[in-house]
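For reference, the structure is listed below as structure tokens.
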Amino acid sequence: MSGRTPLAAEVARFLRQRAELQGGELVLDGVDRAEALSMARAGRSVAGDSGPDAPGRTVEEPASGTLRSTDSPDPETSLASFLKAEVEARSRRDAEPEVDQGATDPELPDDYDALRELALGCTRCRLSETRNQVVFADGSPDARLMVVGEAPGANEDASGLPFVGQAGRFLDLLLACVGLSREESVYIANVLKCRPPGNRDPQADEIECCSPFLRKQIELVQPEVILAVGTFAGKLLTGTSSTLGRLRGEVYSYEGVPLLVTYHPAALLRNGRWTRPVWDDLQLLRSVLDGG
Ligand code: SF4
């Protein structure tokens, strides 16, 4: 159990409790990205932890951060409240139209840096007119796991990196629970590289234009496993139009690479009912990575 921080262990324990008890919202504050990544680096072997802590307790580590659960979060600081508008937009995507599954563009370069440069200057679709930055990817191109999200939000558009807001920090903690970190073992990209205005749903033609970048990224990174988070990524990579609830919990194959689908971390933060399935999906992910 060496190399494990107390807070990372508490995160795993807390999620296990919420999964078992099917509790309400999760509220995470006081943990910045650097701290979350630090926990992720030290989070190996955490997934097997269990403990007797009572649900709803406050978990603190001095000079690090706070993870707490509450049935009555402060609306000014609650992660659920902070994400509410964005999550509501995402939750409407259960009713989105079927998307074109796209195809690999033979014109895209086989060199990773050249592909990235091409994407950073891309004007293939209307989103180039409203974005601030193209959000290409984050993490290691040598990663074992590739996480695929949907599209950049405001924080990502401002920073140029995927999953850097509250949901991103939570994703880092979820990955830490199964011993993974974006700095060492995870590569993260989105279906769309540019932010849809107002966080509206991606449109079919935008996905058709942009998905070749993602397919080429997968081809070049060659991850051992792909984890699609959210409805759009799940549908695109499985090539189906099923709801996310039906897609999760199975191991698919994308061009021979094992593919799992789970809920978007922002959706999980909003709706505690999905804690158990996400926890189960993370265990399945760990099992696949371990060759189980
Ligand atoms: S969303 Fe994709 S296809 Fe559209 S401009 Fe951005 S990088 Fe190009």
Side-chain angles (χ1 to χ4, degrees), residues 85-87 89-90 92-93 96-141 143 146-165 167-168 171 182 186-223 226-239 241 244 254-255 257 259 261 264-266:
E86 182 172 356
V87 167
R90 292 181 186 280
R92 289 195 297 272
R93 292 171 186 171
E96 87 277 16
E98 290 190 20
V99 298
D100 188 313
Q101 300 306 319
T104 301
D105 186 338
E107 301 298 318
L108 292 178
D110 290 326
D111 177 78
Y112 182 85
D113 290 336
L115 179 71
R116 181 175 181 276
E117 285 303 312
L118 188 65
L120 294 183
C122 179
T123 56
R124 289 184 173 194
C125 82
R126 68 182 72 82
L127 297 181
S128 65
E129 300 168 7
T130 52
R131 74 184 181 217
N132 286 307
Q133 296 191 64
V134 173
V135 180
F136 185 68
D138 193 19
S140 169
M146 184 165 179
V147 175
V148 179
E150 296 181 358
N155 290 316
E156 289 75 18
D157 182 57
S159 69
L161 293 171
F163 284 95
V164 294
L171 174 65
R182 72 168 81 187
V186 180
Y187 179 93
I188 303 177
N190 285 313
V191 172
L192 292 186
K193 310 305 183 203
C194 302
R195 182 194 184 201
N199 293 340
R200 66 158 170 75
D201 290 351
Q203 296 181 4
D205 62 330
E206 294 163 355
I207 293 173
E208 184 176 4
C209 283
C210 205
S211 58
F213 283 119
L214 176 66
R215 296 183 185 281
K216 182 60 83 171
Q217 285 174 290
I218 296 172
E219 179 184 325
L220 296 177
V221 172
Q222 295 185 309
I226 300 169
L227 177 66
V229 296
T231 302
F232 275 82
K235 288 184 176 181
L236 178 71
L237 295 179
T238 60
S241 58
L244 199 148
Y254 174 87
E255 302 290 334
V257 181
L259 165 68
V261 180
H264 194 283

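Indexing begins at 1, ligand by ligand and atom by atom, following the structure's order.
Nearest protein neighbour of atom 5 (S) of ligand 1, counting heavy atoms only, is Arg131 NH1, 3.6 Å.
For atom 4 (Fe) of ligand 1, the nearby protein N/O/S atoms, meaning those under 2.8 Å, are Cys125 SG.
Closest of all the heavy-atom pairs between Pro162 and Val135 is N-CG1, 3.3 Å. Counting all heavy atoms, side chain and backbone alike, Gln217 lies closest to Ala137 at NE2-CB, 3.7 Å. The minimum heavy-atom distance between Val148 and Ile226, with the atom names listed, is CG2-CG2, 4.0 Å. Nearest heavy atoms, Thr130 versus Arg195: OG1-O, 4.2 Å. The two residues Gln133 and Ala158 come nearest to each other via the heavy atoms NE2-O, 2.6 Å.
The side-chain hydrogen bond (donor to acceptor under 3.5 Å, both in side chains) pairs that include a residue from residues 114-123 number zero, where partners must be two or more places apart or lie in different chains.
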